[in-house]
Amino acid sequence: MAERFETRRYEAQQIEQKWQHRWEASGIDAASDDAQDKRPPYYCLVMFPYPSGNLHMGHVRNYCLGDAVARYKRMQGFNVLHPIGWDAFGLPAENAAIKHGRPPAEWTYHNIDQMRVQLKRLGVSYDWKREIATCHPDYYRWEQWLFTRLMQKGLAYQQNAEVNWCDPCHTVLANEQVVDGVCWRCDTPVVRKNLKQWFIRITQYADELLADLDGLSGWPEKVVGMQRNWIGKSTGAEVSFGLEDSDDTLDIFTTRPDTLMGVTYMAVAAGHPLAQKAANDQAAEGNPELAAFLKECSRMSTKEADVETMEKKGMALGIHAVHPVSGEKVPVYAANFVLMGYGTGAVMSVPAHDERDHAFALKYGIPIRQVIRPLQVEWDIDSAAFTEAGVLINSAQFDGQASADAKATITAWLAENGKGRERVQFRLRDWLVSRQRYWGAPIPVIHCADCGAVPVPDEQLPVELPTDLQPTGGASPLTECAAFRHVDCPECGKPAERELDTFDTFMESSWYMNRYTSPRNTDAMVDADAMQRWAPVDQYIGGVEHAVLHLLYARFYHKLMRDAGLFTSEQGGDEPFRNLLTQGMVLKDGSKMSKSKGNTVDPNAIIDRFGADTARLFTLFAAPPEKDLEWNDAGVEGANRFLMRFWRLLDRIDDIQVGDADDTAAVQGLRRSIHQTIQRVTHAFEQGFAFNVAIAALMELTNALYVFETKGGAGLAALKEGAEAVVKMLAPLVPHFACECGERLGFADVAVMAAWPAVDAAALASDEVTLVVQVQGKKRGEITLPKDADQDVALALAQSDASIGKWLDGMQIVKVVLVPGRLLNIVVRPA
RNA sequence: GCCGGGAUGGUGGAACUGGUAGACACAAGAGACUUAAAAUCUCUCGGAGAGUGAUCUCCGUGCGGGUUCGACUCCCGCUCCCGGCACCA
């Protein structure tokens, strides 16, 4: 007895290692590029990690979800691409380098080795032959290659710009990297600086990026909405106002050209040339009061940007604009609520129909002229602005038109008279891609005194980053590296200098999903045939924190690669990710796990104690994928308890001796449960990967198998059938455990490569059905009857049932509703 | 302010297309086994009330209405929470 216990004990560590070695040896996790492979391709991708050196629970959750998807699809007969790699450039490596006095490359590669070991312990079915690290020249050379193409097309350009500068990070930031006025990495307030920087013209793709969002039906609406918001398209008109005593014009953008005749003043940003000019040279000696006001405004826009309750303030510039239709002169103000960075930095103000303008007009005694009449309601224009659509009044030749029509006719009139045009304005700005950092991909440009900024020719790519430099905390060590810095101009051959900035690391993560399709390709960035086979990604899984940054850039890059001729729309699609699953965070005690809070749970410790499968099962069971997951040690033990309970079920089956015939009805009932479970689990997998629901169903079936009594006849076979089905359905979730169970049960194939179980329709069929009986919509009992019984039979049976019948006594039946196989509702009233 | 999403037992969460609310699990409690503990197994577990008892009745999915034979689910009006965006003209 004791001996048997020992042999059957589940030794997680040893068993998991055993299967990991077998999987690796048999190559079952590799994606096949063989054209003869008739399995349909499926591309499952998780967001690749930054190699910080330690796997955390967020990673574990991400990779368990991805692995469950990948393994499920494999069992369904797909040829699955499930790759992994490293987002290996970035600031933490430089910080670590300063701290330890070793170059970032060393730290990075060491971390990668460490994390690879941790990942392998989890037993995730990656195709390791496709592993990539973005800091490797074989990877970033293609990014450099594409960039030079973008330069040639004018899609990459260098410009002096007021940029967001983060002092501690010693670099500029993209708009997307500034969160609430502070740096997304170090939370330091961002300062404005004027620098010459490289940009990529994402605005040129704004329309396509917006339009293609409509096709992303496999994305969470939330993410689509965030992107739509970020792109921020608004349609309206650009209008040129004249300036009194001047040939210049004051150009503005408005979404409400229908309110044009209601303009009673103009407002410009503090940084607008008109405001600056008025402050400096008005009446030769300038206007100190105005200058002070403008200074105040510029301070506000930076340091106190987060001050919410900013009062609307303005100051007249002492100049007047000329209305393009009426010729009326209206005063021009500088106003603190007009932003230089949006539109033209100037607005036409219509106090009657805009809330801000209304407040401003009241404060400074500017007339309010109503030009839109509400259709439904009474409106007192002096007490509040009317901002909806209506019918035009006080608008000369445009009177009587509806707002929508007037927008068109007024815009057309302006265009005919050379005073305006239709215009579309985006919130999205061009992508600032240069960073004053060392540990990044060098921007492939050579600056020549004569030839200007010259793209590095293809034959000189990659521009390799020297990996032996030691950052000190100040400027990038590249600025000190003469060997890197000095180079001959590729065009004229004269001594020139390399660009010393490196790329934003979002550049690397924007195209890695495509590189995985042909990761060792030395001829091109991607292989068109491989793209045709795999792209776009069928299922992408990662954190919602990348909803705007990474996912927007990746969509953009995909289109850039397509337009660079690397693949066609037919081959690689217009979008990189067909379906997106945004997983929730892993919480402990209600808040995000972090070192500073001291509430982290080390995945390694969990694996040491229970094995990887328990960790996997818990993370998949405790919450639906898209919701936050509260870590719960007791819950982890519960997950382990279930696995061990199932393991003991196999002992129990082993101990049953083949014997007498079993009760046929009971066997049928068990087989029905088994096949209902297959149906439920498959459905749960298909409906948004509801693994938590799938696991619950498997637990339920396990409970049913446990209590099932058999004499060793047909019931034993059914019991085995049930156990086998559970093992197969557990395989994507707890692969080591399933393989070990499969071996015990004598599976022909390793469990993770077994075919996904099919529903036996015959097993589901039943001669009898149980109906819930309601009276007045309230459950009053149940009846069991032949499945083809009609309503009259059901009703008669219900009436004869004591607990139901008592609700019908003295009542007159007015209506009977029968939902076949489910429910009978009897509607009565007092007789 | 605008745009999304959400609110179900002590807890995490189930509930197909409008058809038995609370599956499954955690926690808690009781019992069995054990010298004891752990492990395991069995049972109870939304609230209130009635009954010696098996049971029975009423209420119950954030709040208020509505549609329907029937509503966690659909419609109208709110409250609160979470995420995103924001003087965007």
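As a basis for the values below, the full set of heavy atoms in this structure was taken, side chains included, without hydrogen atoms, waters or symmetry mates. Residue numbers begin at 1 in each chain, while the letters A, B, ... track the order of the sequences.
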Identify, with sequence neighbours excluded, every residue that meets salt bridge (Lys or Arg N to Asp or Glu O under 4.0 Å) alongside [X].
X: A/Lys787; value: none
X: A/Glu545; value: none
X: A/Glu626; value: none

| Taking only residues two or more places apart in sequence or in another chain, which ones pass side chain to side chain contact (heavy atoms under 4.5 Å, CB included) with A/Thr411? |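 A/Thr411: side chain to side chain contact (heavy atoms under 4.5 Å, CB included) contacts with A/Ala237, A/Pro257, A/Glu422.
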
Please enumerate all residues that pass side chain to side chain contact (heavy atoms under 4.5 Å, CB included) together with A/Ser383, with sequence neighbours excluded.
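Side chain to side chain contact (heavy atoms under 4.5 Å, CB included) list for A/Ser383, sorted by chain: A/Asp380.
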
Enumerate all atom pairs, one protein N or O and one N or O from nucleotides 45-52 of chain B, separated by less than 3.5 Å.
none

Classify the nucleic acid contact of [X] as base, sugar-phosphate or nothing, counting any heavy atom under 4.0 Å across all strands shown.
X: A/Asn825; value: base
X: A/Pro624; value: sugar-phosphate
X: A/Arg423; value: nothing
X: A/Gln687; value: nothing
X: A/Lys806; value: sugar-phosphate

> Under the side-chain hydrogen bond (donor to acceptor under 3.5 Å, both in side chains) test, which residues partner A/Arg648, sequence neighbours left out?
Replying inline: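 A/Arg648: no side-chain hydrogen bond (donor to acceptor under 3.5 Å, both in side chains) contacts found.
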
If the plane angle is over 60° it's perpendicular, under 30° parallel, otherwise tilted; pick one for A/His546 and A/His550.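 If you compare the ring of A/His546 with that of A/His550, the planes turn out perpendicular.
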
| query | Taking the C1' atom of each, how far is B/G62 from B/C58, in whole Å? | reply |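 Straight-line distance between the two C1' atoms is 22 Å.
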
_B/G53 versus B/C69 - spacing of their C1' atoms, nearest Å_ =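 Between the two C1' atoms, the distance is 36 Å.
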
>> It should be established whether A/Trp807 places a side-chain nitrogen or oxygen under 4.0 Å from OP1 or OP2 of nucleotide B/C56.
In response: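 So the side chain of A/Trp807 is outside the cut-off, no N or O lying under 4.0 Å from OP1 or OP2 of B/C56.
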
Worksheet item: Can you find a side chain N or O atom of A/Arg680 that sits less than 4.0 Å from OP1 or OP2 on B/A14?
Response: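 For A/Arg680, the contact criterion (side-chain N or O under 4.0 Å from OP1 or OP2 of B/A14) is not met.
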
* To do: Verify side chain to side chain donor-acceptor pair (under 3.5 Å) between A/Thr344 and A/Asp251, making sure each step is shown before the conclusion.
  => CA-CA 7 Å; A/Thr344 59; A/Asp251 296 341; over 6 Å; no

Whole angstrom value for the distance that separates [atom2] of [N] from [atom1] of [X]:
X: A/Ile804; N: B/C69; atom1: CD1; atom2: P; value: 21 Å
X: A/Gln425; N: B/A86; atom1: CD; atom2: P; value: 15 Å
X: A/Leu771; N: B/G19; atom1: CG; atom2: P; value: 15 Å

Side-chain donor/acceptor pairs under 3.5 Å, residues 812-825 of chain A, sequence neighbours excluded:
from     : atom 1 : to       : atom 2 : distance (Å)
A/Asn825 : OD1    : A/Gly777 : N      : 3.0

What N/O pairs connect the protein and nucleotides 25-29 of chain B at under 3.5 Å? Give each pair on its own line.
from  : atom 1 : to       : atom 2 : distance (Å)
B/A25 : OP1    : A/Asn703 : ND2    : 3.2
B/C26 : OP1    : A/Arg641 : NH1    : 2.5

Requested in this report: Check whether more than 12 heavy atoms from other residues, nucleotides or ligands sit under 6.0 Å from atom NZ of A/Lys592, and answer yes or no.
Outcome: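 For A/Lys592, atom NZ is not crowded (no more than 12 foreign heavy atoms under 6.0 Å).
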
Checklist entry - Taking the six-membered ring for Trp, are A/Phe689 and A/Phe685 ring centroids under 6.0 Å apart? => result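 A/Phe689 vs A/Phe685: aromatic centres not under 6.0 Å.
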
Grab the N/O contacts between the protein and nucleotides 2-8 of chain B below 3.5 Å, and write none if there aren't any.
from : atom 1 : to       : atom 2 : distance (Å)
B/G5 : OP1    : A/Glu221 : OE1    : 3.4

* Asked: Heavy-atom distance under 4.5 Å between the side chains of A/Thr682 and A/Arg680, does that happen here?
  ->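 They are not in contact (no side-chain heavy atoms under 4.5 Å apart), so the answer is no.
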
Exercise. Which range-with-range stems can be found for RNA chain B when each stem has 3 or more Watson-Crick or G-U pairs in a row and both distances sit under 3.5 Å?
Worked result: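 Stem list for RNA chain B: B:1-7 with B:79-85, B:10-12 with B:24-26, B:28-32 with B:40-44, B:46-50 with B:55-59, B:62-66 with B:74-78.
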
*Could you name each residue pair satisfying ring-ring contact (aromatic ring centres under 6.0 Å, His included) that touches residues 623-645 of chain A, not counting sequence neighbours?*
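Qualifying pairs: A/Phe618-A/Trp631.
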
